[in-house]
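Scope of the values below: all heavy atoms of this structure, side chains included, with no hydrogens, waters or symmetry mates. All residue numbers refer to positions in the sequence shown, counting from 1. As the structure lists them, so they are numbered: ligands from 1, and atoms in each ligand from 1.
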Amino acid sequence: MKSAKGVYRFDEGSLSMKALLGGKGANLAEMTRLGLPIPAGFTVTTEVCAKYQASGSLSDETFEEICATLSDLENKQSAWFGHSDCPLLVSVRSGSVTSMPGMMDTILNLGLNDFTVQGLAKQTGNERFAYDCYRRFIQMFGEVVLGIPALHFDHALEQMKKDEDCISDQEVNAEQWKKLVLRYHWLVEAQTGKAFPQDVYVQLRMAVGAVFKSWNNVRAKVYRKLYSIPNEQGTAVTVQTMVFGNRGDDSGTGVLFTRNPSTGDKEIYGEYLMNAQGEDVVAGVRTPRSIIELKDDLPEIYAQLTAVAEQLEAHYLDMQDIEFTVENRQLYVLQTRSGKRTAQAAVKIAVALVDEGLLPKEEAVSRIEAGHLDQLLHRSIDRQAQLQVIATGLPASPGAASGVIALDAQTAEGLAREGKKALLVSLETSPEDIQGILAAQGILTGRGGMTSHAAVVARGMGKPCVCGCDGLSIDLEQRSVTIGGRTFNEGESLSIDGATGQVFSGIVSLTEPEITPELLTLLEYADEIRELKIYSNADTPADAAKAREWGAEGIGLCRTEHMFFSDSRLPVVQAMILAGSKEERIQELSKIMPMQQADFEAIFEAMDGLPVTIRLLDPPLHEFLPNQEHLVKQIRELETVGAEGEDERERLKATLAKVRTLQERNPMLGLRGCRLGILFPEIYDMQIEAIFKAAKAVLGRRIEVRPDIMIPLVGHANELQTLRKLVDDVARQVLFGEHKDLQYKVGTMIEVPRAAIVADKIAEHADFFSFGTNDLTQMTFGYSRDDAEEKFLNSYLEQQILPANPFQSLDEEGVGELIQWAVAKGKSKKSFLKTGICGEHGGDMQSIVFCQQAGLDYISCSPYRVPYARIAAAQAVLASQIAEPQR
Ligand code: ADP
Ligand code: MG
Ligand code: MG
């Protein structure tokens, strides 16, 4: 319902009226109620703003209401608007519902004219002060209301000071300010063709209109777009009795944070200036002093401020950013709002507020912003350092990295072996570059979007990455890269900030991520609240250890193929693939077996009895062989060296023949996953044997083991039935009656839509379902991710055909529906069926909320995302409690 009133006195409002009074107005009203020293005033509502925006002017009706409320104010202050002996002066301030610091305009000292300025001088016995106020007012009114560019006023001020031999504003005396006022009057008339308005009511009406109008200035619009603040929200306008920090050396103005916004420490933090007004502190004309010095300058004011800070924090239950002014040793509070803070400070403050008994744990957890956690868990650029931005790409994987330019994976690996830090720079990356990505500190590419291969891999590893940096070109002959119009040779250094997409020349200094004691406490609060278990994707013992360190409760995806790519193993794997017969293949597989077993032993040990979900081989075999063109080129080169290259050439030719037979029209939908396992059972046989032998060995060391064996790409129940039998048979052979208490599970990834649809049939053979949301998204949409990224996804997003990138944020309507269907069907057959997701979505807030709602048991994400997921899972519970109050 629209309110009948358009104007509220401070003592009529409260914090709950924020939508109507804006943040500033509502907080001034609230502080008035608390009995704090707030100069009296009133607020014109956001509803009036909406009417103003529609009609383009302030209605007579509203202006009468403003004037009536102003006359209340006059009586209260015993000062009269436009009175030549006892003038009331006011500020006209903007204040929107969502804080938009400095985006709109404010006018101070309104109500001054050629007569009232004399009254002010007489009344205060301070002519210099009166004319200082007047010149400030003419300038602000001139800029904001009359639209005169600031530089004209600045120029006139400089000129006057030069003529009068004054260096700083403090040296200017009353007569000289009077001269400036005259110059300003001429300036206004020359610029607008009209005299400066002397009628104070005209001033007020114009000022209120102009502040409403500033809602649509360019910077306010840009800011709204950036933070998704609706245009309809509008600003309120607050009219408030002026208090003066520029009345002399017993006066001043400043800003105070109730805690240190940078570290979160519990200490008053802020700045002030003596004998100054309003914007002087932030405008940088004079260097402000630290608030601590106020203790000596004005000890009684300092004590009062400390008490105000404490009272406001306890009332708002958050760190506050407070504006104050001291007039003749009298303290006034002019604004309070919840203070902007760094990620470190956000965590520290939230935990401290719980410790101090001010905040419940739930509230502390729900206040933490996802962006803050991103900052905390990655290395970041030391913003104190001198930075030179040379280009900007997409912020693909947060964190910062510096390193020597490496133009290909081998170079990056070489540098890493020499103990140097490398930054992998390339036009695009492919799965073959995995070793190089692993070896590099960070990745910078010219092509590809946020879900390009480089970005996905980098995020998984917690490596900083900037993608799609337009205008990046590489000259492989010269071994140089051109970026932002500058050319760098391999060997020179670059730095990237994956949180902003910025690229810097040279090395920049970085700050390390750490789990501070406060973050640990906050994570423990989250653990008490959340219902989802948090697992991690981990392929190596090192990843497993990292995952546990960050708090993972198990491994949700261990991809065994990643164990095959290293330099020492790949030749054996290739020999296995090239084997001419099954016997030969088994022979080669028996060489791989101990390697896999060693990996599993190390991972089981690292996880110490927590569940480890191991996925049997998933990719098509050709991924382990060199690429065709490369082989052809090598063979041709060997032909030129004649007889001595003969043997090698024959070997390469055999490889090439195999590569050709393995070639598929659509490898993504071809011979891979469980299909490979069924056609070549000896491969899975070896992997299963390695798992159980490892389990046996580790159990022998009195460490508990919980292997969950996961079969990829199942679409038909019979596939799982066949392979489950293989697992059970091999387990029986290896364990041979021992370790009867070893609890292993067999389950499947649900990543083919058909599997989701017939989940009840599949559940008959499965102990768990793990939704592979990357592939499930690809197959549900019928998109190959790389192609979609490169060709059409951006257009789809621009044209709003898709609301969001489904590879980043789970498509609830389609893919989510399949997941819910599969969970329901699966559980209808097996009530104890364990369900979870292991795609990249496991690290995305919105998707985690979905998993909570869908009743999944766990989510699995990369080790670096585990702390994030712990908080997000708790926030998901809290969000659902708000959405569905207890019945
Ligand atoms: P912003 O939203 O950009 O901070 P404000 O409306 O808070 O703008 O005002 C700008 C400056 O003017 C602040 O320093 C504020 O404290 C000061 N100010 C505003 N109203 C008054 C007043 N009535 N008396 C003294 N100073 C004021
Ligand atoms: Mg302010
Ligand atoms: Mg898959």
Within less than 2.8 Å of the Mg ion (ligand 2), any N, O or S from Q335?
yes
Between Y134 and the options D114, N113, N109, the side-chain hydrogen bond (donor to acceptor under 3.5 Å, both in side chains) test singles out D114
Considering only heavy atoms, does E323 approach ligand 1 within less than 4.0 Å through its side chain, its backbone, both, or neither?
side chain
For atom CG of L151, decide whether the heavy atoms of other residues, nucleotides or ligands shown that lie under 6.0 angstrom number more than 12.
yes
Could you tell me, atom by atom, which parts of ligand 1 come under 4.0 Å of a heavy atom of V243?
24 (N), 25 (C)
Contact check, side chains of R224 and W215, non-hydrogen atoms, under 4.5 Å
yes
Any side-chain heavy-atom pair from T500 and P395 closer than 4.5 angstrom?
no
Is E518 reaching over with its side chain to a backbone N or O of Q344, donor-acceptor style, under 3.5 angstrom?
no
Does ligand 1 have any atom sitting under 4.0 Å from a heavy atom of K24?
yes
Counting both backbone and side chain atoms, is some N or O of R93 under 3.5 Å from an N or O of ligand 1?
yes
For ligand 1, which atoms have a heavy atom of L108 less than 4.0 angstrom away?
12 (O), 18 (N), 19 (C), 20 (N), 21 (C), 27 (C)
Backbone, side chain, both or neither: what part of T241 comes under 4.0 angstrom of ligand 1, heavy atoms only?
backbone
Given that the side chain starts at C-beta and the backbone is N, CA, C, O, which of these parts of Q335 lies under 4.0 Å from ligand 1, counting heavy atoms, or is it both or neither?
side chain
The Mg ion (ligand 2) is nearest to which N, O or S atom of E323?
OE2
Using side-chain hydrogen bond (donor to acceptor under 3.5 Å, both in side chains), reason through T238 and Q240 one step at a time and then give a plain yes or no.
CA-CA 6 Å; T238 292; Q240 187 175 24; over 6 Å; no
Using 0.5 Å steps for rounding, measure from the CD1 atom of I138 to the SG atom of C133.
11.5 Å
